[in-house]
Visitor: 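Quick one: this structure, given as structure tokens, is what I'll be asking you about.
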Amino acid sequence: MPDRADARTETDATEDAAAGASAGGAGETRTAVRVQGLWKRFGDQVAVAGIDLELPAGKFVGLVGPNGAGKTTTLSMVTGLLRPDMGRIEVAGHDVWTDPVEVKSRIGVLPEGLRLFERLSGRELLAYNGRLRGLPGDEVDKRATQLLDVLDLAGSQHKLVVDYSTGMRKKIGLAAALLHNPEVLFLDEPFEGVDPVSAQTIRGVLERYTRSGATVVFSSHVMELVESLCDWVAVMAAGRIKARGTLAEVRGDAPSLQSAFLELVGAGGRDAGDSLDWLGGSR
Ligand code: ATP
């Protein structure tokens, strides 16, 4: 089995990642993100338990895992939003914590629970982000117009962000993250709360973006989506990487990513047994 780490001990997985720079990849793959010995603890809760990971560049990479697996904590540390307790992170060849300016100029981030400047309109938000990124005003205008158009936000560009719907907020957040044409784009649950039409639009934009050689790393619970979008997947549970590799490698002999995932995270769906015997009973 190529790179399924489910049956391995944590030590095995750590040694494996340290020894092989091309874990899960075929041949000479460039690396977009390199994580070594990453740890984060909140009080007694270990959120990320010493992970090693190499994410290939130019791919659509999915980070999947059950609730509380440590995906958001990992993405927050990788994008420089949360300081790790231990470990090294390199993005696009630069250390996130010793070379933050270089890294931040090369990445775009759509975090979970994105906070936006609510009292700006969608267009103003993009203008602000573009100028903050050092782009010339006319270039910001051009890119903002195109992004608003493609993401179907042109009609709402002068509306205040506070009045945007959930899906519109995701889309304007995505536009802001893409405006400076980053090398690596990190998206935490980009499709959550997004209707199928908008999801299709977002998908189209991201597919075009990765075709140009850029990398998308996104977290999701929706296996069908990950299966249809991603070239490469890392499965996380309880703060550890359970499997990583191409979609085919992670899926292995399982009929779908969903069943491989359930097998890997050790949850065949908890049976309520008799514990909910009051539910749906005679009233
Ligand atoms: P979900 O899919 O539900 O969003 P996740 O995989 O993104 O989950 P995290 O949000 O990274 O998981 O959380 C991992 C663990 O760390 C959880 O047990 C969570 O309760 C804990 N945790 C995360 N952030 C904090 C925090 N700021 N303070 C305390 N505990 C935290």
Side-chain angles (χ1 to χ4, degrees), residues 4-6 10 13-14 17 33-55 60-89 91 96-97 107-116 166-167 169-170 173-174 177 184-194 199 202 215-230 232-245 247 250 256-270:
R4 294 189 62 172
D6 46 328
E10 187 187 341
T14 305
V33 178
R34 179 173 285 121
V35 168
Q36 287 172 322
L38 192 65
W39 271 93
K40 186 72 190 179
R41 176 195 285 272
F42 298 103
D44 291 340
Q45 174 74 50
V46 175
V48 175
I51 64 171
D52 297 288
L53 200 55
E54 307 240 354
L55 306 181
F60 226 121
V61 177
L63 180 59
V64 300
N67 293 131
K71 305 180 295 296
T72 297
T73 307
T74 301
L75 287 182
S76 301
M77 291 191 284
V78 167
T79 53
L81 296 171
L82 179 70
R83 191 173 284 279
D85 294 338
M86 248 189 323
R88 249 180 77 84
I89 309 163
V91 176
V96 171
W97 289 95
I107 67 171
V109 186
L110 180 65
E112 194 189 40
L114 176 65
R115 294 218 184 96
L116 298 165
T166 307
R169 294 172 76 84
K170 287 269 182 197
L174 177 65
V184 191
L185 182 65
F186 294 93
L187 311 166
D188 201 347
E189 300 283 353
F191 297 96
E192 212 166 69
V194 173
I202 293 178
T215 311
V216 173
V217 181
F218 82 102
S219 71
S220 180
H221 304 108
V222 188
M223 292 305 136
E224 294 78 13
L225 189 77
V226 172
E227 196 154 25
S228 68
L229 267 180
C230 293
W232 208 92
V233 185
V235 181
M236 212 176 167
R240 294 194 164 82
I241 300 296
K242 295 285 185 186
R244 70 200 108 150
L247 199 56
V250 170
S256 66
L257 186 62
Q258 168 87 2
S259 35
F261 175 82
L262 292 175
E263 198 186 302
L264 282 163
V265 303
R270 186 155 297 152

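Numbering of ligands and ligand atoms starts at 1, following listing order.
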Visitor: Just by distance, do the side chain of Asp188 and the backbone of Thr72 share a donor-acceptor pair under 3.5 Å?
Guide: no

Visitor: Would you mind checking which non-hydrogen protein atom is closest to atom 10 (O) of ligand 1, with the distance to 0.1 Å?
Guide: Thr72 CB, 3.7 Å

Visitor: Purely on distance, is any nitrogen or oxygen of Ala47 under 3.5 Å from one on ligand 1?
Guide: no

Visitor: Counting both backbone and side chain atoms, is some N or O of Gly65 under 3.5 Å from an N or O of ligand 1?
Guide: no

Visitor: In terms of atom number and element, which parts of ligand 1 are under 4.0 angstrom from non-hydrogen atoms of Pro66?
Guide: 6 (O)

Visitor: Among all protein heavy atoms in this structure, tell me which lies nearest to atom 14 (C) of ligand 1, with the distance rounded to 0.1 Å.
Guide: Gly68 O, 3.4 Å

Visitor: Hey, does the side chain of Lys71 reach the backbone of Met236 with a donor-acceptor pair shorter than 3.5 angstrom?
Guide: no

Visitor: Would you mind checking which non-hydrogen protein atom is closest to atom 19 (C) of ligand 1, with the distance to 0.1 Å?
Guide: Gln45 CG, 4.8 Å

Visitor: Considering only heavy atoms of Asn67, which atoms of ligand 1 have at least one such atom less than 4.0 Å away?
Guide: 1 (P), 2 (O), 3 (O), 8 (O)

Visitor: According to salt bridge (charged side-chain N to carboxylate O under 4.0 Å, His left out), who are the partners of Glu227, at least two apart in sequence or on a separate chain?
Guide: Arg251

Visitor: Among all protein heavy atoms, pick out the one at the shortest distance from atom 11 (O) of ligand 1; state its residue, atom name and that distance to 0.1 Å.
Guide: Thr73 OG1, 2.5 Å

Visitor: In terms of residue, atom name and distance, what is the protein heavy atom nearest to atom 4 (O) of ligand 1?
Guide: Glu112 OE2, 3.5 Å

Visitor: Relative to atom 6 (O) of ligand 1, which among Lys71, Glu189, Lys40 owns the nearest non-hydrogen atom?
Guide: Lys71

Visitor: So which protein heavy atom does atom 12 (O) of ligand 1 come closest to, and at what separation?
Guide: Gly70 N, 3.2 Å

Visitor: For ligand 1, which atoms have a heavy atom of Ala69 less than 4.0 angstrom away?
Guide: 5 (P), 6 (O), 12 (O)

Visitor: May I ask you to identify the nearest protein heavy atom to atom 27 (N) of ligand 1, giving residue, atom name and distance to one decimal place in Å?
Guide: Phe42 CE2, 3.6 Å

Visitor: Looking at residues at least two apart in the chain, or sitting in another chain, which of them share a side chain to side chain donor-acceptor pair (under 3.5 Å) with Asn67?
Guide: His221

